[in-house]
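Before any comments, here is the structure.
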Amino acid sequence: MKKLLFISSNDGSDMRINKEIKTLSKHTDIYFLGVGGYGSNNYAKKYCKEFLLIQEKRNSIKAILKQIDIFLKLKRKHKFDSIHIINEQLMVFFYPWFFKQYVVLDIFDSFFMKKNKPKNQWKLIKKMVYAPINYIFVTDRNRESLMPDFVQNKLGILENYPNRYHGDIVKKIDTLTIFYNGSMNNARGTKFLQNLTDKYKDVRVIMAGWLSDENTKNFAQSKSVDFKGVLTQLEASEIAANQAHYIMCCYEPSNQNNINASPNKIYDAIQTHTPVIINSEVKVTSFVKNENIGVILSSFSNYNIDEVYKELIDRKGTFSFNKENSDKYSWESIENKLLKAHKLIL
């Protein structure tokens with residue numbers, strides 16, 4: 001059996017990481033090296049031959065140095081056929097040891113786009129970071145167009161689609177309910193939801209995932225919110241399908257990474273027949289508009305809360321979804337791209 005080393009700063013609870021490891025594990029033994037604590041949220045663990053976590057603060061220098069130490073020990077012990085690493089941030093530290101290895105870089109959130117340095121800006125630094133990489137994945141065509149020219153020949157798109165949802169979709173709820181999940185903070189829509197629930201007491205919010213700023217942690221404790229903690233993709237899909245009228249999908253347009261976001265929530269909407277709430281600055285809004293799968297805010301921070309509330313009420317239950325899109329925008333329809341990148345299938 002082939003061996004693959006999967007390196008991340010996550011603890012195996014991230015939905016995309018979980019999907020990727022499940023797919024890869026059907027064709028190779030997975031050795032996972034991540035960051036976080038051991039517990040019930042390590043969803044990817046069951047698909048791994050070996051599952052190792054550095055129990056330090058995510059993205060800290062201490063955590064990365066410990067990861068490098070474990071990586072070098074694993075490298076001496078095993079001959080890995082390929083290495084899969086998440087995001088450019090880790091590459092800065094690992095790349096000296098990646099030469100002569102087959103490496104796939106999987107960019108969820110680009111460090112360079114967060115710094116508003118797309119395309120060939122910071123070219124020398126990018127050449128150093130990408131030098132040992134054999135293949136690079138981004139999540140959509142927008143982000144593909146923002147990558148530097150010199151990597152275009154080893155660049156592919158691995159879309160942020162969820163697993164196909166086959167469960168029930170029965171929305172027996174009267175109170176306007178919004179599902180807010182994933183990484184949650186002020187830049188993802190917390191303030192909008194606060195404004196909405198402060199003014200309209202008949203709005204309910206279900207939250208699930210990671211609370212990444214103090215304001216969001218406080219909001220999760222409010223009377224209008226039901227906080228579920230970290231969930232599997234299936235659990236989140238079941239809530240969206242049966243307990244929510246809308247999925248929160250806003251991104252503060254403060255950098256190119258957010259403006260060019262490729263939210264899995266767009267495709268969760270298609271799978272669970274639950275429209276999104278999204279702000280106009282995000283480029284994928286054009287897809288939301290064309291497919292008629294959501295309510296679009298005039299901007300991230302400048303909107304009329306009364307008009308938005310009225311639209312959410314008036315359009316509740318009026319959106320239409322079709323089976324063809326559910327099949328097309330599913331992980332099962334594109335997972336072979338990942339296997340081909342690692343040369344696990346032809």
Smallest separation among heavy atoms of Leu231 and Ala208, with atom names: CD1-CB, 3.6 Å
Can I get a per-line list of side-chain donor-acceptor pairs under 3.5 Å for residues 87-105, giving both atom names and the distance, sequence neighbours left out?
residue	atom	partner	partner atom	Å
Asn87	OD1	Phe108	N	2.8
Asn87	OD1	Asp109	N	3.1
Glu88	OE1	Ser110	OG	3.1
Glu88	OE1	Phe111	N	2.7
Glu88	OE2	Ser110	OG	3.3
Glu88	OE2	Tyr130	OH	2.5
Tyr102	OH	Ala341	O	2.5

All pairs passing side-chain hydrogen bond (donor to acceptor under 3.5 Å, both in side chains) where residues 32-43 contributes a residue, at least two apart: Asn41-Tyr43
Parallel, tilted or perpendicular, as decided by the 30° and 60° cut-offs, for the rings of Tyr246 and Phe319: perpendicular
Salt bridge (Lys or Arg N to Asp or Glu O under 4.0 Å) involving Lys66 - partner list, sequence neighbours excluded: Glu56
Heavy-atom closest pair, residues Ile17 and Ser8: CD1-OG, 3.3 Å
Full working for side-chain contact (heavy atoms from CB on, under 4.5 Å) between Ile277 and Leu297: CA-CA 7 Å; Ile277 301 170; Leu297 303 183; 4.1 Å; yes
Main-chain N/O of Gln194 paired with Thr190 side-chain donor or acceptor, under 3.5 Å: no
Beyond-backbone contact of Asn279 with Cys250, side-chain heavy atoms, under 4.5 angstrom: yes
Check: Lys126 side chain, Gln121 main-chain N or O, donor-acceptor pair, under 3.5 Å: yes
N/O donor-acceptor pair under 3.5 Å between Ser280 side chain and Ser298 backbone: yes
NZ/NE/NH1/NH2 to OD/OE distance under 4.0 Å, Lys337 and Glu159: yes
Salt bridge (charged side-chain N to carboxylate O under 4.0 Å, His left out) partners of residues 29-42, not counting sequence neighbours, each pair once: none
Pro253 backbone acceptor or donor facing Asn258 side chain under 3.5 Å: no
Donor-acceptor pair, side chain of Thr272 and main chain of Asp268, under 3.5 angstrom: yes
Backbone N/O of Gly39 and side chain of Lys45: donor-acceptor pair under 3.5 Å: no
Distance, nearest 0.5 Å, that separates NZ of Lys114 from OG of Ser254: 10.0 Å
Pairing residues for Lys3 by the side-chain contact (heavy atoms from CB on, under 4.5 Å) criterion, not counting sequence neighbours: Tyr31, His78, Phe80, Asp81
Rounded distance [0.5 Å steps], OG1 in Thr177 versus CD1 in Ile206: 5.5 Å
Those residues that, when tested against Arg58, pass salt bridge (Lys or Arg N to Asp or Glu O under 4.0 Å) (two or more places apart): none
For Asp226, side-chain hydrogen bond (donor to acceptor under 3.5 Å, both in side chains) partners two or more places apart: Arg204, Lys228
Phe219 vs Tyr180, ring-ring contact (aromatic ring centres under 6.0 Å, His included): CA-CA, chis, key distance, verdict: CA-CA 12 Å; Phe219 179 60; Tyr180 184 28; 7.1 Å; no
Glu281 side chain near Ser299 side chain, heavy-atom distance below 4.5 Å: yes
Minimal non-hydrogen separation, Pro263 against Asn160, with atom names: C-ND2, 4.4 Å
Residue list, salt bridge (Lys or Arg N to Asp or Glu O under 4.0 Å) with Arg16, at least two apart or on another chain: Glu20, Asp106
Shortest non-hydrogen contact from Ala131 toward Lys154: O-NZ, 4.2 Å
Cluster check Phe150, Met147: I/L/V/M/F/W/Y, side chain < 4.5 angstrom: yes
Value rounded to 0.5 Å, distance of NZ in Lys199 from CG in Asp306: 3.5 Å
Value rounded to 0.5 Å, distance of CD1 in Ile7 from CD1 in Ile64: 11.5 Å
Nearest-0.5 Å distance that lies between atom CG in Asp198 and atom NZ in Lys201: 5.5 Å
Within one Ile-Leu-Val-Met-Phe-Trp-Tyr cluster: Met15 and Ile270, side-chain cutoff 4.5 Å: no
Exceeds 12 heavy-atom contacts within 6.0 angstrom, atom CG of Asp174: no
Side-chain donor-acceptor pair present, Thr274, Lys171, cut-off under 3.5 Å: yes
Side-chain donor or acceptor of Thr23 paired with backbone N/O of Lys19 under 3.5 Å: yes
Residue Lys62 excluded, over 12 heavy atoms near NZ under 6.0 Å: no
Pairs where residues 208-224 contributes a residue and the test salt bridge (charged side-chain N to carboxylate O under 4.0 Å, His left out) is met, not counting sequence neighbours: Glu214-Lys217
Identified side chain to side chain contact (heavy atoms under 4.5 Å, CB included) partner of Phe137 from the options Ile157, Leu155, Leu338: Leu338
Ignoring hydrogens and angles, write down the donor-acceptor pairs under 3.5 Å from the side chains of residues 235-242, residues two or more places apart or on other chains.
residue	atom	partner	partner atom	Å
Glu235	OE1	Thr232	N	2.9
Glu235	OE1	Thr232	OG1	3.3
Ser237	OG	Gln233	O	3.0
Asn242	OD1	Val170	N	2.8
Asn242	ND2	Asp168	O	3.4
Asn242	ND2	Glu238	O	3.1

Which residues share a side-chain hydrogen bond (donor to acceptor under 3.5 Å, both in side chains) with Asn163, sequence neighbours left out: Glu332
Heavy-atom closest contact (Trp210 atom, Ser13 atom, distance): CZ2-OG, 3.1 Å
Side chain proximity check, Phe6 to Cys48, heavy atoms < 4.5 angstrom: no
Any Lys49 side-chain heavy atom under 4.5 Å of Ile30 side chain: no
Close side-chain approach of Tyr309 to Asp202, heavy-atom, < 4.5 Å: yes
Set of salt bridge (Lys or Arg N to Asp or Glu O under 4.0 Å) partners for Asp314, sequence neighbours left out: Lys310
His84 (side chain) donor-acceptor with Ile21 (main chain) under 3.5 angstrom: no
Beyond-backbone contact of Lys2 with Leu4, side-chain heavy atoms, under 4.5 angstrom: no
Arg164 CZ: over 12 foreign heavy atoms closer than 6.0 Å: yes
Ser326 backbone acceptor or donor facing Gln271 side chain under 3.5 Å: yes
Sole residue of Thr216, Asn215, Leu196, Asn185 in side chain to side chain contact (heavy atoms under 4.5 Å, CB included) with Lys191: Asn215
